[in-house]
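No experiment lies behind these values; they were computed from the predicted model shown. Just so it is clear: chains get the letters A, B, ... in the order the sequence lines come, proteins before strands, and each one is counted from 1.
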Amino acid sequence: MTAQTLTADAVLKRPTTPVQRLQRTLHAHPWISPAVVLVAAYVVFSLLNERFAQPGIQSLLIQQTAVVAALAIGQTLIILTAGIDLSVGAIAILAMMVSAKAAAENGLSGPAALALGLVVGAGAGLLNGVLVTRLSLPPFIVTLGTLSMFTALTLIYTRGTSIQGSVLPDLLNWTGNSFAVGEFRITVGVLLVLGLYAGVGYALSQTAWGQHVYAVGDDPEAARLSGVSARRVLLSVYVVAGVIYAVAAWVLIGRAGAASPNALSDANLASITAVVIGGTSLFGGRGTLIGTLLGALIVQSFTLGLGLARVDEHYRLLAVGALVILAVAADQWIRKARA
Amino acid sequence: MTMLSTPTEAGHMEKKNPRQIDRTGTPVLEAKGLVKTFGHVVGLAGVDLELYAGEVLAVIGDNGAGKSTLIQCLTGALVPDQGELRLDGRPVAFKRPQDAREAGIETVYQSLAVIPALDIATNLFLAREVRRRGPLGTVFRMLDKKGMRRRAETAVRELGVQTIQNMGQAVETLSGGQRQAVAVARAAAFGSRVVVLDEPTAALGVKESGQVLGTIERLRDAGLAVILISHNMPHVWQVADRIHVQRLGRGAGVLDPRMHTMPEGVTVMTGAATIDELAGVRADA
Ligand SMILES: Nc1ncnc2c1ncn2[C@@H]1O[C@H](COP(=O)(O)OP(=O)(O)OP(=O)(O)O)[C@@H](O)[C@H]1O
Ligand SMILES: [Mg+2]
């Protein structure tokens with residue numbers, strides 16, 4: 001070996017700085033940062049008020065998180081394809097009101113009303129998907145438009161009135177049923193949402209469809225040249241998201257004990273916040289579903305934790321806002337990591 | 001243009017046994033009168049091309065001559081405005097790259113077409129994933145990630161590239177040359193009829209370039225037809241059986257590397273002389 005190759009070797013073997021190693025680890029496992037933030041939040045909020053860690057409060061936190069966490073699954077899929085969905089809440093409410101009204105006023109059975117809701121969700125997602133793929137319109141514009149349209153349709157259809165859970169079939173209220181697990185109280189809705197996370201998480205990481213979602217989001221042209229039909233993948237993502245929103249609506253009926261056309265007014269931002277804090281990149285192609293779940297839990301624990309610490313609601317907003325910016329800044333930094 | 005400063009004649013003289021290619025039969029791939037425009041820009045202005053099994057057809061031409069546009073029209077990446085395409089004599093119309101792939105045509109695009117965020121094995125098997133055996137695969141559609149990694153490793157090793165070790169590594173963590181090697185390995189592993197390579201050695205070192213050229217010869221010896229686009233004249237003269245010269249969106253003729261020298265090729269490429277004029281000069285001499 002000559003001296004030259006030795007020095008080259010030395011450069012190659014030069015230890016990476018701790019910061020570089022951190023950057024690479026976070027790049028490979030984007031869910032680590034939200035996990036660290038969540039643990040830190042739990043430690044701080046428990047210190048501020050020891051009631052935070054009690055099973056009762058934790059059960060409440062989980063139940064409160066369920067609906068946004070479910071909506072955020074669909075939002076994650078769409079953001080992974082480098083899109084964004086502003087019609088999240090509008091689709092959920094439309095699906096919810098159609099199935100509730102069909103059951104309460106047209107006498108549809110529970111299963112039929114539920115199925116109708118899922119079909120409405122799928123149809124609304126399909127409309128978004130068709131507009132995005134066939135007309136090549138940016139998802140932001142498409143869903144901004146359908147946000148207004150779906151909201152208007154809901155209000156026209158319901159004339160703005162809510163439907164109480166008491167007049168709905170048992171199946172629609174079922175998601176609100178709770179049972180004890182040790183000292184915690186878990187609802188059927190929470191289980192349903194966890195099931196969704198498991199199912200969609202599996203599809204994303206273990207099936208060809210999931211790999212195609214990442215591929216289309218990361219580099220649509222390379223994906224096309226590799227034989228992936230970007231159009232079909234996008235369409236499937238919007239339809240699946242629509243169905244998930246309808247399931248979230250079902251969970252909401254159980255949680256709220258009613259179907260109200262005015263609910264979920266902040267669902268768009270809440271779901272996007274959860275996805276972004278969860279480490280999914282708004283540029284597409286990078287992110288994990290588990291990160292989104294952590295993100296949703298982080299937002300809700302800030303709400304509850306700061307509330308218990310008697311911090312003003314406005315400061316909570318301030319904190320969540322800062323967290324979003326921090327998360328996106330961290331994403332930008334992590335994306336610079338190479339080899 | 002550094003490669004022009006070494007117009008060694010050795011390149012084509014070295015060919016000891018000029019291989020006999022049967023060009024009397026039907027070409028594997030045949031294009032007639034391909035036209036492709038981009039708005040007001042003319043990419044291809046009517047190009048013919050014939051490709052036979054067991055041969056390496058090089059395509060040379062200046063930047064913007066339409067080389068990439070030509071092969072994109074052959075592989076379904078672009079749909080030509082006019083012209084016809086025949087595969088084994090049968091008319092075909094590829095609407096997407098997937099159509100050409102299914103017909104046994106694999107391509108290394110100039111852009112490489114790899115997904116940075118996905119790992120090497122996933123990239124190799126993208127859109128032709130292998131699923132697990134049994135109900136896990138059929139019912140739950142679970143990918144056989146281990147199996148794909150193993151086969152990806154074989155494909156990369158066959159190329160002779162030793163610096164790529166971990167098939168679970170994201171492509172974005174690879175160097176430009178390593179990415180190119182991944183794209184070549186993919187085409188070589190899956191091509192069954194035709195392999196098209198658009199500047200596959202542009203980012204490669206001397207050794208790696210040699211390995212890619214070796215791969216091209218191996219594919220050719222296995223009876224596949226290969227199209228190689230390159231700006232590197234020594235490479236072209238080393239492996240090509242025929243050389244299609246592309247100039248200003250048109251085919252400027254086909255050279256025989258055993259008959260024509262590199263400087264002559266460059267003369268035709270730049271339009272300083274036509275192939276017929278070259279022949280005239282020879283006759284006069
Ligand atoms: N997608 C496109 N949109 C517009 N014009 C294009 C497009 N692709 C190619 N062109 C034009 O078509 C012509 C041929 O381009 P092409 O990429 O085929 O050249 P090339 O021979 O491959 O060049 P290079 O050696 O630089 O790769 C150029 O004038 C180019 O500007
Ligand atoms: Mg080119």
Side-chain angles (χ1 to χ4, degrees), chain A residues 8 12 16 20-21 23-30 79-82 198-233 236 279-281 283-288 331 334-339, chain B residues 72 75-78 94-102 105-119 121-132 136-137 139-145 148 163 166 168-175 178-179 182-183 186-187 190 196 198:
Chain A
L12 272 179
T16 48
Q20 275 176 321
R21 275 201 303 268
Q23 198 177 20
R24 276 176 210 178
T25 311
L26 294 181
H27 191 260
H29 308 284
I79 290 181
L80 277 178
T81 66
V200 178
Y202 172 86
L204 268 181
S205 66
Q206 300 300 325
T207 73
W209 177 78
Q211 305 303 302
H212 295 180
V213 169
Y214 282 98
V216 167
D218 196 31
D219 190 336
E221 178 60 10
R224 185 183 79 89
L225 292 176
S226 301
V228 175
S229 167
R231 205 178 254 186
R232 208 178 299 164
V233 171
S236 70
T280 293
S281 170
F283 298 96
R286 271 149 239 267
T288 57
D331 173 53
I334 292 166
R335 279 159 55 90
K336 289 200 192 102
R338 284 287 180 274
Chain B
Q72 286 177 46
T75 60
L78 288 175
F94 300 138
K95 292 207 171 54
R96 350 181 174 75
Q98 185 73 354
D99 297 342
R101 275 182 162 209
E102 277 161 13
I105 302 175
E106 278 296 313
T107 314
V108 178
Y109 291 101
Q110 196 167 7
S111 63
L112 299 184
V114 287
I115 312 289
L118 297 180
D119 64 40
T122 306
N123 264 287
L124 248 70
F125 284 89
L126 202 60
R128 52 185 153 218
E129 290 84 359
V130 180
R131 277 187 261 159
R132 294 272 286 262
L136 272 182
V139 181
F140 295 100
R141 319 205 125 235
M142 188 189 259
L143 294 174
D144 181 9
K145 291 193 174 182
M148 288 192 284
T163 59
N166 178 8
Q169 202 178 345
V171 162
E172 67 196 340
T173 65
L174 299 175
S175 76
Q178 289 173 324
R179 284 182 209 198
V182 168
R186 170 170 67 179
F190 290 100
V196 180
D198 193 347

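The closest side-chain heavy-atom distance from B/Gln98 to A/Ser229 is not below 4.5 Å. With contacts defined as side-chain heavy-atom distances shorter than 4.5 Å, the pair B/Arg131/A/Gln206 does not qualify. With contacts defined as side-chain heavy-atom distances shorter than 4.5 Å, the pair B/Leu118/A/Gln211 qualifies. A heavy-atom distance below 4.5 Å is not found between the side chains of B/Arg141 and A/Trp209. A heavy-atom distance below 4.5 Å is found between the side chains of B/Leu126 and A/Val228.
Enclosure of atom CZ in A/Arg232 is not indicated, since only 12 or fewer non-hydrogen atoms of other residues, nucleotides or ligands lie within 6.0 angstrom.
Of the two parts of B/Arg96, neither the backbone nor the side chain holds a non-hydrogen atom closer than 4.5 Å to a non-hydrogen atom of chain A.
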**OP:** Kindly indicate, with the supporting measurements, whether the criterion side-chain contact (heavy atoms from CB on, under 4.5 Å) is fulfilled by B/Thr173 and A/Arg24.
**Re:** CA-CA 10 Å; B/Thr173 65; A/Arg24 276 176 210 178; over 6 Å; no
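The CZ atom of A/Arg224 sits 7.5 Å away from the OH atom of B/Tyr109 when rounded to the nearest 0.5 Å. To the nearest 0.5 Å, the span separating CG on A/Leu225 from CD on B/Gln72 amounts to 7.0 Å. To the nearest 0.5 Å, atom NZ of residue B/Lys145 and atom OG of residue A/Ser205 are 5.5 Å apart.
The two residues A/Gly285 and B/Ala117 have their closest heavy-atom pair at O-CB, 3.8 Å. For B/Ala127 against A/His212, the heavy-atom pair with the smallest separation is N-NE2, 3.5 Å.
Residues passing the ring-ring contact (aromatic ring centres under 6.0 Å, His included) test with B/Phe125, sequence neighbours excluded: B/Phe190. Residues passing the side chain to side chain donor-acceptor pair (under 3.5 Å) test with B/Arg186, sequence neighbours excluded: A/Ser226.
Ranked by heavy-atom pairs under 4.5 Å with chain B, the list A/Ala208, A/Ala223, A/Gly217, A/Gly210 is led by A/Ala208.
With hydrogens and angles disregarded, no donor-acceptor distance shorter than 3.5 Å links the side chain of A/Asp218 to the backbone of B/Ile115. Of the possible donor and acceptor atoms, one in the side chain of A/Tyr202 sits under 3.5 Å from a partner among the backbone N and O of B/Phe140.
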